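Written below as structure tokens is the structure these notes are about.
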Protein chains: 2
Amino acid sequence: MTAARKRITQQDIARMTGVSQATVSLVLNGRGDADVRIAPETRERVLAAIRSTGYVADPIARRLADRHNRILGVFTYEPVFPAGSGDFYQPFLLGIEESAEQLGCDLLLLTSAPVTDGRRRIFHEDNRLRLADGCILLGRSLDRDELTRLVAEGQAFVSVGRRDDAGGPVPHVGADYVTATAAVVARAVAAGHRELCYLGDGGETSRSSGGTGGSVPESFADRFAGYREAAARHGLAPRWEKASGRTPAEVLDALVADGVTAVLVEEFADGVALAAVARERGLDLPGDLSMLALGDPTRPAPTDIDFSGYRIPRREMGRQATEVLTALIAGEVSRSDARRLLPCEPVAGVTLTAPNTRRNG
Amino acid sequence: MTAARKRITQQDIARMTGVSQATVSLVLNGRGDADVRIAPETRERVLAAIRSTGYVADPIARRLADRHNRILGVFTYEPVFPAGSGDFYQPFLLGIEESAEQLGCDLLLLTSAPVTDGRRRIFHEDNRLRLADGCILLGRSLDRDELTRLVAEGQAFVSVGRRDDAGGPVPHVGADYVTATAAVVARAVAAGHRELCYLGDGGETSRSSGGTGGSVPESFADRFAGYREAAARHGLAPRWEKASGRTPAEVLDALVADGVTAVLVEEFADGVALAAVARERGLDLPGDLSMLALGDPTRPAPTDIDFSGYRIPRREMGRQATEVLTALIAGEVSRSDARRLLPCEPVAGVTLTAPNTRRNG
DNA sequence: TCAATAAGCTAATACGAATTATCAGCGGGA
DNA sequence: TCCCGCTGATAATTCGTATTAGCTTATTGA
């Protein structure tokens, strides 16, 4: 019945202990060192009252008066708790949560952001981003305009996943896809492959030659860049095929026609589909076609195949993103220094072997 | 670099257009209807200035002024994004998130609560519970003392899962285990079973006769209560076996010795283990032993068996918990009216058939 | 002609915490 | 006795927005 019990304020604590609101504030912030002094006895009295009432500073008022509230915003372009279990985002969030717990921060899930055109928008009428000290951004591809605005406004934020500059350096903790993908190429070559193919959208970057131009997400572009560099180093052509908008059968046809012996798969799910079709046709996997997964499944893709390739250090990325963000908030690092790339973990798997010789002759 | 460009305020807009800050606020909030009037010409001038500057109201100051922050706290006794047991909590959180999004609320994960003795505590030194307008509690069993204190302090909160009174009614959105379990008994009887057994800790309540006494979680107690009532109605003895602290083999021995033909399993994982042992022994499932799962797995329990029984409406529970909480905050419902039990969905499954006749003779 | 009304706005204040400037009281030294 | 310095606290102000009471001018009614 008690309709919306009034919140306890510093004023209440002050009245209780017979001091002023200012004193309560000073005690709370442990200000006894500088030009302000509080008698130990008074301090104890105030602290006791705070403990007994369970008083907590209103983060909003605290923020207004321009202090920090130890709240970290988490903005995702998709719902955080999706139906499909074993989900792609889970490990990131796990890392974020672990780190936040360690740092004594609470996480504010910005669920109030309305969905327009199938995705959430950071900026809207009642933008509550600034409620938090800073913000972690999660999502395959972030809206470039929103990113630019965040940078321009000087917001404290970190992207999980590398991002190109957007009117300034974009703080991020990403995976080093370039190095990881190049390493995969080297492994394929070492196994005897000469006819490689990159399967995915990353190849689009090879057309729109500029770095920042295309609409290809950075993660795809980076994979392809690693592939292209390594291919060049090994004297191979940077062959690639698009996966989206085609059936796995069509893709397989193209690969076979080209005499490809090893395919690097950008999207795990595409690899699963491709493998299924290849098996149906009676191909020998991995003898006739080695497959290399460039990261973990981002879409549910049930399979019992242990793909060779590498794993994205998702949990660690979440963890470090949180750390970078707090450092950024504390002013301990600059925007441009708040960019990290973490190594991916190689996975041996069973889908990479030497190519069958009959195919080579 | 550029240290936080100063934000544009209503005061700035006011100076630009030669009006007062109050007028800007009034225009922004479309207040022209009531006892306040703004000349259309003035309104336009102000709106123009707002458009040209891209001014957006500071959400923090806005919330300070109306004392609600539309933040809902989510407190879990275990980490929210776990690797293993996460599958159980996921649907609750999904429902909470969906509902929060609809209601325009943000979720504050209270990750800063320190872990003591293996579990998080709500009340501690730097208790930040009151950061939010209200709070959702999630976890198998909530600490009774903490619950009592929450009630006593008049906090706005809702438990996901039914809870006994704790010095007053505890707002909750739970599953109606009593009815669901009774229905399962009825199904078993209808299938021809007369020798039932309840497997789990819920039976402990049959000893400590009082309602509130034991340390048995409400969800277990409710399941057993439904079982006991239904058994009595059908003229059966409320037979039960403990699962914890015993091997599945021991449990099976006890069931066989008693001539049990159908077992109601409190913990899904126990059912899986029991089925495995029964199969090893060459029992005919479900002919020799029908099994009824009283809810979804709370521990990871990989199985390909489609258990008969019922499903907990987890997503819906999360959803409604959020709604109840906001109603509570808004003062639209009283504490004692903020208690709901949702029906569980029956699952036909394949582990319930008529008992083999040879066993009965 | 003068009050009564109404239109159109502004001044003042609240919200809760942080911070600065200031003030009262006291003891000691000159 | 006066002044200084120190301690321990407080009044007042700030942050940006929302809201209410009230003020000024113009318009109406009788």
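A quick note: this is a predicted structure, and the numbers were derived from the prediction, not measured. Quick note on labels: first sequence line is chain A, next is B, and so on, each numbered from 1.
- As a whole-Å value, the separation of A:D12 CG from C:dG16 C1' is 10 Å.
- For A:L26, the side-chain atoms get nearest to D:dT10 when compared with the rest of C:dC9, D:dT17, D:dT10.
- With C:dC9, D:dG16, C:dA18 as the choices, the nucleotide that has an atom nearest any side-chain atom of B:A61 turns out to be D:dG16.
- Taking atom CD1 on B:I38 and atom P on C:dT10, their separation rounds to 8 Å, with Å as the unit.
- Between A:D133 and A:R63, at least one side-chain N (NZ, or NE/NH1/NH2) sits under 4.0 Å from a carboxylate O, which counts as a salt bridge.
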Taking only N/O atoms, report every protein-nucleotides 22-26 of chain C pair under 3.5 Å with atom names and distance.
none

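- Residue A:V19 is in sugar-phosphate contact alone, with no base atom involved, counting any heavy-atom pair closer than 4.0 Å across all strands shown.
- Contact annotation: B:R63 side-chain N/O to D:dT17 OP1/OP2 distance is not under 4.0 Å.
- Using a distance-only test at 3.5 Å, with no hydrogens or angles considered, no donor-acceptor pair links the side chain of A:R163 to the main chain of A:R144.
- Among the atoms of the strands shown, only primed sugar atoms or phosphate atoms (P, OP1, OP2) are found under 4.0 Å from some heavy atom of A:D58.
- Although no hydrogens or angles enter the test, the distance criterion places a donor-acceptor pair under 3.5 Å between the side chain of A:T53 and the main chain of A:I50.
- When the C1' atom of C:dT10 is taken as reference, atom CZ of B:R43 falls 16 Å away, rounded to whole Å.
- Using a 4.0 Å heavy-atom distance criterion, B:Q11 is classed as making no nucleic acid contact.
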Evaluate the side-chain hydrogen bond (donor to acceptor under 3.5 Å, both in side chains) criterion for residues B:Q10 and B:Q21: first the C-alpha distance (whole Å), next the side-chain angles of each, then the deciding distance (0.1 Å), finally the verdict. CA-CA 6 Å; B:Q10 290 188 350; B:Q21 173 266 322; 2.9 Å; yes

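- With respect to A:R45 and A:E41, a salt bridge is recorded, a charged nitrogen being found less than 4.0 Å from a carboxylate O.
- Among the protein residues, B:A22 comes within range of the nucleic acid bases, having at least one heavy atom under 4.0 Å from a base atom.
- Contact between the side-chain N/O atoms of A:S20 and the OP1/OP2 oxygens of D:dT10 is found at a separation under 4.0 Å.
- Judged purely by atom type and a 3.5 angstrom limit, A:R128 uses its side chain to pair as donor or acceptor with the backbone of B:R70.
- Residue B:R37 contributes atom CZ, which lies 17 Å from atom P of D:dA26 at whole-angstrom precision.
- Under the 4.5 Å side-chain criterion, counting only non-hydrogen atoms from C-beta, A:V74 is not in contact with B:L109.
- Contact detail for B:N29 and B:R62: the closest heavy-atom pair is OD1-NH1, 4.1 Å.
- Spacing between atom CZ of A:R130 and atom C1' of D:dT17 amounts to 14 Å, rounded to whole angstrom units.
- DNA chain C is contacted by no residue of residues 44-53 of chain B, taking any non-hydrogen atom closer than 4.0 Å.
- Salt bridge absent: B:E146 and B:R149 never bring a charged side-chain N and a carboxylate O closer than 4.0 Å.
- A sub-4.0 Å separation between OP1 or OP2 of C:dG8 and a side-chain N or O of B:T23 is absent.
- Residue B:L28 contributes atom CG, which lies 14 Å from atom C1' of D:dT19 at whole-angstrom precision.
- When the side-chain nitrogen and oxygen atoms of A:T9 are compared with OP1 and OP2 of C:dC15, none of them lie within a distance under 4.0 Å.
- Between A:D145 and A:R121 there is no salt bridge, since no side-chain N of the basic residue sits under 4.0 Å from a carboxylate O of the acidic one.
- Counting heavy atoms from C-beta on, the side chains of B:R335 and B:V151 come closer than 4.5 Å.
- Contacts of A:L64 with the nucleic acid, taken as non-hydrogen atoms under 4.0 Å apart, include base atoms.
- Side-chain nitrogen and oxygen atoms of A:Q21 include none within less than 4.0 Å of the OP1 or OP2 phosphate oxygen of D:dA12.
- Distance CD (A:Q10) to P (C:dA14): 17 Å, rounded to an integer number of Å.
- Map B:E41 and B:D66 each onto its nearest nucleotide of DNA chain C; the residue landing nearer the 5' end is B:E41.
- Considering only the side chain of A:S25, C:dA18 comes nearest among C:dA18, D:dT17, D:dA9.
- A:L131 places its CG atom 15 Å from the C1' atom of D:dC15, with the value rounded to the nearest Å.
- Dashed line: the shortest gap from a side-chain N or O of B:R62 to OP1 or OP2 of D:dA18 is under 4.0 Å.
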